[in-house]
Structures are given as structure tokens and as C-alpha cells.
Amino acid sequence: MNFKTSSSVDSVNAGDLLSRPRRNRRTASIRDMVRETGLTPADLIYPLFLIEGDNRQVEIESMPDCFRLSPDRIVEEARVAHRLGIPAIALFPALGDELKDRVATESTNPNGLLQTTVREVKSAVPEITVITDVAMDPYSSDGHDGLVEEGRILNDPTLEILSAMAISQAEAGADIVAPSDMMDGRVGCIRRALDQNGFSEVGILSYSAKYASSFYGPFRDALDSAPKEGDKKTYQMDPANRREALREVLADVEEGADMVMVKPALAYLDVISAVKATVHVPVAAYNVSGEYAMVKAAARMGWLEEESIAIEMLTAMKRAGADLILTYFARSVAERFSG
Ligand code: PBG
């Protein structure tokens with residue numbers, strides 16, 4: 001190419017570049033017209049951490065601007081979320097050690113922290129969808145998602161505990177239960193238990209492809225739920241695997257899952273995309289605590305611009321195929337959309 005004369009540039013314009021992708025990016029309104037992926041508050045699910053008490057807000061050091069909230073404050077947060085157009089909240093209880101035991105007894109207490117909060121939210125803000133986590137770890141003295149015996153995680157005995165927990169959450173008024181334990185066969189077992197107890201309308205959002213990830217660290221700080229011994233690699237998936245994620249989602253859909261989830265999200269966009277192409281139910285992605293903490297930390301150092309990074313990440317998750325995204329950024333992003 002010759003850059004020396006204007007005539008050679010003209011001949012490039014006229015002849016060689018009939019197709020100019022930049023024309024579709026020329027103005028903001030044209031960019032709006034051709035944008036392929038939308039992100040709205042309706043795509044977001046807002047995870048919230050609960051603690052006992054009244055008008056309490058307790059900081060989570062590794063998750064700046066996220067708090068453990070008492071039930072009355074959760075109700076307020078649910079009200080705000082609803083006003084901002086966020087359709088759902090996901091609740092995670094943080095319990096004191098005295099309430100934890102081997103078999104997660106507290107998880108079926110009808111007057112437990114989670115059950116009480118679900119009832120309060122549903123009576124104050126009935127329009128918001130309440131999603132509850134079905135897993136033993138917040139209630140387990142071992143900090144695992146399954147029953148531990150001599151260092152092994154027992155699958156089938158765990159299913160009974162999970163089913164009882166799901167029924168208890170449905171009785172409290174949960175709209176959707178979300179098993180996050182990764183035991184085999186839990187979706188079918190929970191589905192049958194719900195149906196047999198008159199809860200055929202309660203949905204299941206399955207954490208289907210949940211990886212044994214180091215991105216959950218801040219969440220485990222928030223709930224003080226880290227495993228006391230060992231790791232979660234015998235039930236959560238190996239980050240190296242994608243085909244196995246498809247096996248998991250297909251099994252869950254067959255067992256009655258209404259929605260499936262890939263977790264974490266940011267480092268697993270290829271998995272989200274493959275899952276989307278494989279199942280015909282809505283696909284959720286969990287923008288997990290470690291992904292949130294990385295952005296917050298860099299923003300606090302002045303190294304990244306938090307808001308635009310959050311929107312770019314969430315948009316990328318939708319582009320990859322996520323229909324729904326659980327994110328700790330839900331409120332701040334929705335606030336920005338509402339002006
Ligand atoms: C456990 C559970 C975890 C998360 C959601 N449910 C942690 C784990 O599996 O150890 C992590 C969410 C996050 O990191 O934001 N049932």
C-alpha cells in the first residue's frame with residue numbers, strides 16, 4: 001500500500017472497501033440499533049446474606065459494599081430490588097456455630113432464620129421471586145454440602161436431608177428452590193418430595209454445572225462455611241471439564257429442573273455457551289463472590305472503573321448465552337439503569 005499520495009488513498013476508498021463495519025458504529029443511535037445483546041434489571045437475580053437480629057448490617061471484609069443483613073433489612077432490600085425491576089432475590093443464611101451440626105438439623109426449623117425471612121419478604125413484597133439455597137454447608141459443622149462420614153461425602157443419605165430442606169423452604173413460601181450441593185440425583189429426589197407434599201408449583205433452579213472453584217472464597221467468608229477438612233472436589237466439577245457439564249445439565253433437566261445454572265461465570269463463558277446450545281430451559285450464570293471481589297479490589301486501587309467493568313462482564317455473560325445472572329452487582333447496576 002502506498003500512503004504517500006492522496007490519489008492512492010482515494011482509490012482504496014472507492015475500490016477495495018465496499019464493506020465498512022465501522023459505518024454501523026458511527027453514532028450512538030446506530031450502535032443502539034445494531035446492538036446484539038441487551039442487559040436489563042429483569043435479567044438479574046440479587047443474592048443476599050442473612051443474619052439474626054434487628055436492623056443489623058454486618059460488613060463482609062472480602063466483599064466490599066455487601067453486607068449480612070437482619071430479616072427486616074432484607075425486606076427493605078427486597079423492596080428496593082423490586083422497585084428497580086430486579087425480579088428475584090436469592091437468600092443465604094449465615095448461622096452461628098452453635099446452630100450447626102453433622103446433619104444440618106437447623107435447615108428444617110420452621111422458625112429458622114431462613115424460613116422466617118422468606119415469610120417476611122413474601123408478605124411484604126409478594127411480587128418478588130424468592131429463591132432459596134438447598135445445601136447443607138451453612139448448617140453443617142463440617143462445612144460440606146453433603147453428609148460426612150470418615151472423610152467421605154455420602155451421596156444418598158444427603159438426598160434425604162436436601163429433600164426435607166427443600167420442603168421446609170417451600171412451606172415458608174419460597175418460589176424456587178436452588179440445590180447447590182452437586183450430589184447425584186438430587187433434582188429428581190427434591191422434585192418428587194415437593195410434588196408429594198403439595199408443592200408442584202415450586203420451581204427448581206439447579207446449580208447443574210458447579211465447579212470446584214477458588215472463586216468462592218469471599219462467599220465462604222460471608223457465611224463462615226469453608227470446609228473444616230478436605231475440599232469439594234469429589235462433588236463439585238473439575239474446572240478442566242466442559243463435556244461433563246453437558247452430562248450434568250441433561251441429567252438435571254430430565255430429573256425435572258426448570259432452570260439450570262453454570263457457576264462460576266466469568267471464567268466459564270464457553271461452558272455457558274455450550275449449555276445454552278444443549279438444553280431448552282433457561283440458563284442462569286452465577287457471577288460469584290470472587291469475581292465480585294476482584295473488581296471491587298481493583299476499583300478501590302483506582303485501577304479499574306467498577307461500573308463499566310461490571311456492565312461489560314454481565315453483558316459478556318448474556319452474550320455467551322445466560323438468560324439470567326446471579327450477581328452481587330444487581331442493585332448497583334439496576335440503579336444505574338433507572339438513571
Ligand atoms: C454452597 C454455595 C457456595 C456458593 C453458593 N452456594 C459456595 C461453595 O460451594 O462452597 C458460592 C457463591 C459465591 O461464591 O458467590 N452451597
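Counting starts at 1 for both ligands and their atoms, following the listed order.
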Identify, for [atom], the protein heavy atom at the shortest distance, and state residue, atom and that distance.
| atom | result |
| --- | --- |
| atom 8 (C) of ligand 1 | Lys232 NZ, 3.4 Å |
| atom 12 (C) of ligand 1 | Phe219 CD1, 3.3 Å |
| atom 16 (N) of ligand 1 | Ser180 OG, 2.7 Å |
| atom 6 (N) of ligand 1 | Lys263 NZ, 3.4 Å |

List ligand 1 atoms under 4.0 Å from [X], heavy atoms only on the residue side.
| X | result |
| --- | --- |
| Tyr286 | 12 (C), 15 (O) |
| Tyr328 | 12 (C), 13 (C), 15 (O) |
| Asp137 | 1 (C), 2 (C), 16 (N) |
| Ala135 | 16 (N) |
| Lys210 | 1 (C), 2 (C), 3 (C), 6 (N), 8 (C), 9 (O), 16 (N) |

Expected output: side-chain Asn197 to main-chain Phe199 donor-acceptor under 3.5 Å: no

Give a yes or no on whether the backbone of Asp195 and the side-chain of Ser200 come within a donor-acceptor separation of less than 3.5 Å. no

Exercise. Should the pair Phe219 and Phe92 be assigned to parallel (<30°), tilted (30 to 60°) or perpendicular (>60°) ring geometry?
Worked result: perpendicular

Any salt bridge linking Glu77 with Arg73? Criterion: basic side-chain nitrogen under 4.0 Å from a carboxylate oxygen.
no

> Are any of the side-chain nitrogens in Asp137 or Arg220 under 4.0 Å away from the carboxylate oxygens of its partner?
Replying inline: no

For this session: Consider every N or O of Tyr207 and every N or O of ligand 1, then say whether any pair is closer than 3.5 Å.
Result: no

The complete set of salt bridge (charged side-chain N to carboxylate O under 4.0 Å, His left out) pairs with one or both residues in residues 264-279, sequence neighbours excluded, reads Arg242-Asp270, Lys276-Asp323

Restricting to heavy atoms, the pick from Pro47, Gly290, Ala226, Ser289 nearest atom 13 (C) of ligand 1 would be Ser289

At under 4.0 Å between heavy atoms, what of Asp133 touches ligand 1? The answer is side chain

Assess, by modelled atom type and distance only, whether the side chains of Ser168 and Gln115 contain a donor and an acceptor separated by less than 3.5 Å.
yes

| request: Determine whether the side chains of Asp133 and Ser180 contain a donor N or O and an acceptor N or O closer than 3.5 Å. | output: yes

